[in-house]
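Just below is one structure, and these are the notes that go with it.
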Amino acid sequence: MKILVAGKGGVGKTTISALLAHILADKGYNILALDTDSVPNLAQSLGIPFEEALEIVPLSRNEKLAEERTGARPGEGWGVLFSLTPKVDDLAEQYGITIKPNLKLVVVGSIEQSKEGCLCPALALARAFLMHVLLSEKDIVIVDSEAGAEVFGRGLAEKFDVMICVAEPTLKSLMIARKLIEMGKQLNIPNIFLVINKVRNSLKASQLYAKVFSDSTPYHLVNFDESVIHADNEGKGVDAISKDSPIYGDVEALAKKILSIKKRSKVL
């Protein structure tokens, strides 16, 4: 099962991605979490100490690896020839960071821009890796995507089984989420959920949803929880959040909805 977590910046998609990864791993599934944000911070949310997370070099910025796999060093100039199909099938094993025995993280980084302003070797490597994972990985893959609509222009979004679009309980945020969900539907992503995060008033959030969405897009409420802010300020990941906390229970309920899709469709 391939799960895309999308949404505009600041809505909490990385927190949702990290919690979902831990909850599904605790249920016994093998999870590969991929951070494809240009400012990756999924590592810290998963529980890697802040100082260690800062030292992680994303695949899209790993110039030495790019040169080794594509035959060209990033920054060599315009017109340089390099492989667009580099060997990538061993990268998850070599560069994956083990969070727990059945939960691994690969920091891919953004695959859209480069310092040369073109498709450079490092980006070719990162794109090839991401495509390989989406086509071949047999376990659950959770992709914390770049904020906004960029992921839909990569030719990758249609490879997902589930799209989770995260929004805040505001009119503006839900309007943006509706546009992203429409893009997901156009690419025939079969299962799409709207997650309204940081909810302080469930009734008002539901009323806003009804105002913006006239179709039957399923939505799921995740309550605002101070424990998220506390863990973040302490430099801790979501694994430090109590299982009795509101957000943990809400995301666990989301995980059960996703697993019900797996049971119906036998995706795994």
Side-chain angles (χ1 to χ4, degrees), residues 1-6 17-18 20-22 24-25 28-38 40 42-43 46 48 52-53 55-76 80-114 118-146 150-163 187 189-190 258 262 265-268:
M1 178 178 280
K2 316 300 191 304
I3 303 171
L4 171 67
V5 184
S17 298
L20 190 61
H22 272 290
L24 290 174
Y29 295 92
N30 292 318
I31 309 299
L32 177 60
L34 305 181
D35 192 344
T36 65
D37 204 323
S38 57
L42 183 58
L46 284 170
I48 296 175
E52 293 181 27
E55 298 299 317
I56 300 172
V57 179
L59 294 183
S60 62
R61 300 178 200 163
N62 192 327
E63 297 187 354
K64 182 179 179 181
L65 177 65
E67 181 179 17
E68 173 190 318
R69 296 301 174 94
T70 69
R73 185 170 182 79
E76 286 187 338
V80 64
L81 297 177
F82 58 89
S83 173
L84 291 174
T85 57
K87 175 178 170 60
V88 293
D89 58 355
D90 60 340
L91 293 185
E93 186 65 32
Q94 287 195 27
Y95 290 88
I97 301 165
T98 300
I99 308 298
K100 56 180 60 172
N102 60 335
L103 171 55
K104 185 171 288 189
L105 164 71
V106 177
V107 179
V108 181
S110 175
I111 61 172
E112 285 302 309
Q113 298 177 341
S114 71
C118 64
L119 178 60
C120 76
L123 295 187
L125 178 69
R127 287 186 178 186
F129 169 73
L130 193 53
M131 183 62 76
H132 168 77
V133 169
L134 294 179
L135 291 176
S136 65
E137 182 64 47
K138 301 301 182 185
D139 297 314
I140 296 180
V141 178
I142 300 175
V143 177
D144 183 16
S145 73
E146 181 82 87
E150 287 82 356
V151 66
F152 299 101
R154 297 172 180 172
L156 295 169
E158 65 268 28
K159 308 299 181 185
F160 290 92
D161 304 299
V162 177
M163 172 184 171
L187 291 169
I189 299 177
I258 292 170
K262 185 268 300 182
S265 62
K266 296 182 179 180
V267 172
L268 287 178

Criterion side-chain contact (heavy atoms from CB on, under 4.5 Å) against Ser110, the qualifying member of Ser38, Ser145, Pro40, Pro58:
Ser38
Nearest heavy atoms of Asp35 and Asp37, plus distance in Å
OD1-N, 3.1 Å
Considering all heavy atoms, the nearest Lys159-Leu135 contact:
CD-CD2, 4.1 Å
Nearest 0.5 Å, what's the OG1-CG distance between Thr70 and Leu65?
9.0 Å
List the steps and the verdict of side-chain contact (heavy atoms from CB on, under 4.5 Å) for Val5 and Ile142.
CA-CA 7 Å; Val5 184; Ile142 300 175; 4.1 Å; yes
Between atom NZ of Lys100 and atom CG of Leu46, what is the distance when rounded to the nearest 0.5 Å?
9.5 Å
Any chance you could measure Ile97, atom CD1, to Ile48, atom CD1, to the nearest 0.5 Å?
4.5 Å
Check step by step if side-chain contact (heavy atoms from CB on, under 4.5 Å) holds for Asp89 and His132.
CA-CA 7 Å; Asp89 58 355; His132 168 77; 3.6 Å; yes
How long is the span from the CD1 atom in Ile31 to the CG atom in Leu103, to the nearest 0.5 Å?
7.0 Å
Nearest heavy-atom contact between Phe129 and Leu34 is CE2-CD2, 4.1 Å
Looking only at heavy atoms, which two atoms of Leu125 and Leu59 are closest? And how far apart?
CD2-O, 4.4 Å
Can you check side-chain contact (heavy atoms from CB on, under 4.5 Å) on Phe160 and Leu134, steps first, answer last?
CA-CA 7 Å; Phe160 290 92; Leu134 294 179; 3.8 Å; yes
Under 3.5 Å donor-acceptor, Asp161 side chain and Lys2 backbone:
yes
What are the two closest heavy atoms between Ala33 and Leu42, and how far apart are they?
CB-CD2, 4.0 Å
So, using salt bridge (charged side-chain N to carboxylate O under 4.0 Å, His left out) as the criterion, who are the partners of Glu93 when residues are at least two apart?
Lys104
To the nearest 0.5 Å, how far apart are CG in Asn62 and CZ in Arg69?
10.0 Å
Shortest non-hydrogen separation from Gly28 to Asn102 and the atoms involved
C-ND2, 3.8 Å
For side-chain contact (heavy atoms from CB on, under 4.5 Å), just list the numbers for His22 and Ile99, CA-CA rounded to whole Å, side-chain angles, deciding distance to a tenth of an Å, and then say yes or no.
CA-CA 9 Å; His22 272 290; Ile99 308 298; 3.8 Å; yes
Which distance, rounded to the nearest 0.5 Å, do you find between the CG of Leu130 and the OG1 of Thr36?
6.5 Å
